[in-house]
Amino acid sequence: MIALIDASNFYVSCERVFSPRLQGLPVVVLSNNDGCAIARSDEAKALGISMGQPWYQIRHFQQTHNLVALSANFPLYGDVSDRIMTLAAGLGPTQEIYSIDECFVLLDGVRGDLADRARRVRARILQWTGVPCGVGIGSTKTMAKIANHVAKAAHRKPGSYARELAHVCDLGNMQPAERAEILTATDVGEVWGVGRRYAMQLREAGIYTAHDLTASDPAIIRRRWGVVLERTVRELQGFRCIGLDDAPAAKQQIACTRSFGHPVQTLAALTEALAAFATRAAEKLRAQGSNAGQLLAFTHTSPFREGPSYSGSLVIPFRRPTADTRELVGAAGLAAHRIFREGFDLAKAGVMLMDLSPASREQHELQLDDDRYSTARDQRLMAAMDCLNERYGKGTVQSGSVGTAKQGKGWTMRQERRTPNYTTEWAQIPVVRA
DNA sequence: TCTGGGGTCCTAGGACCC
DNA sequence: TCTGGGGTCCTAGGACCC
């Protein structure tokens, strides 16, 4: 069996731990720039507020229903998440941390009443962190997901499922008829791997519930929807197709992108933003021990607003893969100059690092290189920079960016004169849509 | 005025090669 | 009437996840 432990309304629950006055009130946590709702309390959901709904559409609830809106505090959520994951790991021998608020735990070989065990772990998480969780148990990941949905809905929406299933639902320890009844009561759109698009198409094909999907022919599903949905059907039928991943692979790309609070209209502002994104992306890159072979920078106007629209992006390949903030910031600065266009309200920009490779292999190659000394020195410099920024806060030490030597809150490293690692001749022509 | 920020996987089609 | 048949690599686009 596999268990899925999932924190309820995670960001809101974290906030409530530190502000108990929020209990019982409708609460939302807002995204960057307070743009839209990315977490909702049960009371906020009851108001009809949906995931990702823009703030300006729901702000009137502040007056009419005492809605409380909070700006996201991701360092706090990460901290609470770490503690929950440690406690959840006690449920079984192998854990896969799937996202900031949920993990799978493999229960193969665990003896005794699994639901009972799950209830004790859930109680411990609630007691020690203050965050309520739902636990679902099933024979596959997809079934565990459904069980988790049942556990939460049975609590939140009385009448949807039997009351005993609230908080902890074990679909593995159940008579087939009882399980079928639960799947029949579950909309096909609730199945993991079935999004809005597929749900619509499945309904048109006469498949309305999780039970209908379980009873469908995998071959037919594959022909029409592809191998991914076929796997989902087989998982519903009890065959494990999606393995537990307890040591997630290094990321294949690393992105840092943001919408701007105010439209960006100058090259200096765009350069500064892209330099900041490249700096952050470089930290993530080094944290997973990789080097980047290419940097992509993009910017575009708002797709939601009238007026002239523009979208520009540029890929810059590196001569040799790098994790050096100064080189990445330098490339981002070059890209900023190339993709900037006068006369547009830029709404968003970002940096993506691609073509990632393990740093160890790269270091090995560099040892054969003639600038071995400076390479070792550069790596120590980057390590020192990460260390300072972790201890004293983001942006304490930054790399100077091309064009704008804006002072950070601490010190700014002088950009050295050195041969650029990137090759401008190879840089792809910006993709421009005006 | 005001609409998040990350990721993954699969497929189809074109270029190119032998 | 009727153009060879595979193979690989790359990219764009579409679907999904939290």
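Here the structure is a predicted model, which means the values were calculated and not measured. Each chain gets a letter, A, B and so on, in the order its sequence line appears, and its residues count up from 1. When reading the values below, keep in mind they use all heavy atoms of this one structure, side chains included, and skip hydrogens, waters and symmetry mates.
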Please report, rounded to the nearest Å, how far the C1' atom of B:dG6 is from the CE atom of A:M51.
12 Å

Would you confirm whether A:E235, through its side chain, and A:C241, through its main-chain N or O, come within 3.5 Å as a donor-acceptor pair?
yes

Provide the full list of side-chain hydrogen bond (donor to acceptor under 3.5 Å, both in side chains) pairs with a residue in residues 67-81 of chain A, sequence neighbours left out, each pair given once.
A:E15-A:Y77, A:D34-A:S71, A:D79-A:R83

Could you tell me the Watson-Crick or G-U partner of B:dC18, where both distances fall under 3.5 Å? Say none if there is no partner.
C:dG5

Which nucleotide in the set C:dC18, B:dT3, B:dG6 lies at the smallest distance from any side-chain heavy atom of A:S99?
C:dC18

Applying a 4.0 Å non-hydrogen cut-off, can you work out what A:R222 is touching in the nucleic acid: base, sugar-phosphate, or nothing?
nothing

If you pin A:G226 and A:C36 to their nearest nucleotides in DNA chain B, which one's is more 5'?
A:C36

Find the distance A:L353:CG to B:dG6:C1' and express it as a whole number of Å.
13 Å

Heavy atoms only, 4.0 Å cut-off, all strands: where does A:Q57 land among base, sugar-phosphate and nothing?
nothing

Flag if over 12 foreign heavy atoms under 6.0 Å of CZ, A:F239
no

Apply the side-chain contact (heavy atoms from CB on, under 4.5 Å) test between A:I137 and each candidate in A:M143, A:M1, A:R117; give the one that qualifies.
A:M1

Can you tell which of B:dG6, B:dG4, B:dC9 lies closest to the side chain of A:N32?
B:dG4

Does A:H60, at its NE2 atom, have more than 12 non-hydrogen atoms belonging to other residues, nucleotides or ligands within less than 6.0 Å?
yes

Atom-pair distance (CZ on A:R223; P on B:dA12), nearest Å
14 Å

Tell me whether the OP1 or OP2 atom of B:dC9 has a side-chain N or O from A:R231 closer than 4.0 Å.
no

Please produce a list of atom pairs where a protein N or O lies less than 3.5 Å from an N or O of nucleotides 14-17 of chain C.
| residue | atom | partner | partner atom | Å |
| --- | --- | --- | --- | --- |
| C:dC16 | OP1 | A:G195 | N | 3.1 |
| C:dC16 | OP1 | A:G195 | O | 3.4 |
| C:dC16 | OP1 | A:R197 | N | 3.4 |
| C:dC16 | OP1 | A:Y198 | N | 2.8 |
| C:dC17 | OP1 | A:G193 | N | 3.0 |
| C:dC17 | OP1 | A:V194 | N | 3.4 |
| C:dC17 | OP1 | A:V194 | O | 3.4 |
| C:dC17 | O3' | A:W192 | NE1 | 3.3 |

Using a cut-off of 4.0 Å on non-hydrogen atoms, how would the nucleic acid contact of A:G52 be classed: base, sugar-phosphate, or nothing?
nothing

What nucleic acid atoms does A:I254 come within less than 4.0 Å of, heavy atoms only: base, sugar-phosphate, or nothing?
sugar-phosphate

Side-chain N or O of A:R305 versus OP1/OP2 of B:dC2: is the shortest distance under 4.0 Å?
yes

Salt bridge A:R16-A:E43, side-chain N to carboxylate O under 4.0 Å:
yes

Euclidean distance, atom CZ of residue A:F74 to atom P of B:dG5 [Å, nearest integer]
9 Å

Check every strand shown and say whether A:D101 touches a base, only sugar-phosphate, or nothing at a heavy-atom separation below 4.0 Å.
sugar-phosphate

Should A:S259 be listed as having a side-chain N or O under 4.0 Å from OP1 or OP2 of B:dG5?
yes

Distance below 4.0 Å between A:K348 side-chain N/O and B:dG5 OP1 or OP2:
yes

Please say whether more than 12 non-hydrogen atoms of neighbouring residues, nucleotides or ligands are located less than 6.0 Å from CD in A:E181.
no

Rounded to the nearest angstrom, tell me the gap between atom CD in A:Q53 and atom P in B:dG4.
12 Å

Whole Å only: how far is the CZ atom of A:F277 from the P atom of B:dG6?
8 Å

Tell me if a side-chain donor or acceptor on A:R197 pairs with a main-chain N or O of A:V194 at a distance below 3.5 Å.
no

Does the A:Q237 side chain pair with the main chain of A:T214, one donor and one acceptor, at a distance under 3.5 Å?
yes

Nearest-angstrom distance from the residue atom NZ of A:K251 to P of B:dT8:
6 Å

Quick check for you: among B:dG7, B:dT3, B:dG4, whose closest atom lies nearest to any side-chain atom of A:A255?
B:dG7

Atom CE of A:M354 to atom P of B:dT8: distance rounded to whole Å?
13 Å

Phosphate OP1/OP2 of B:dC9 contacted by A:Q252 side-chain N/O (<4.0 Å):
yes

Could you check A:P263 against A:V227 and say which one's nearest nucleotide on DNA chain B is further toward the 5' end?
A:P263

Checking B:dT3, B:dC10, B:dG5 against the side chain of A:P54 (C-beta onward), the nearest is B:dT3

Which part of the nucleic acid, if any, lies within contact of A:R59, taking any heavy atom under 4.0 Å across all strands shown: a base, the sugar-phosphate backbone alone, or nothing?
nothing

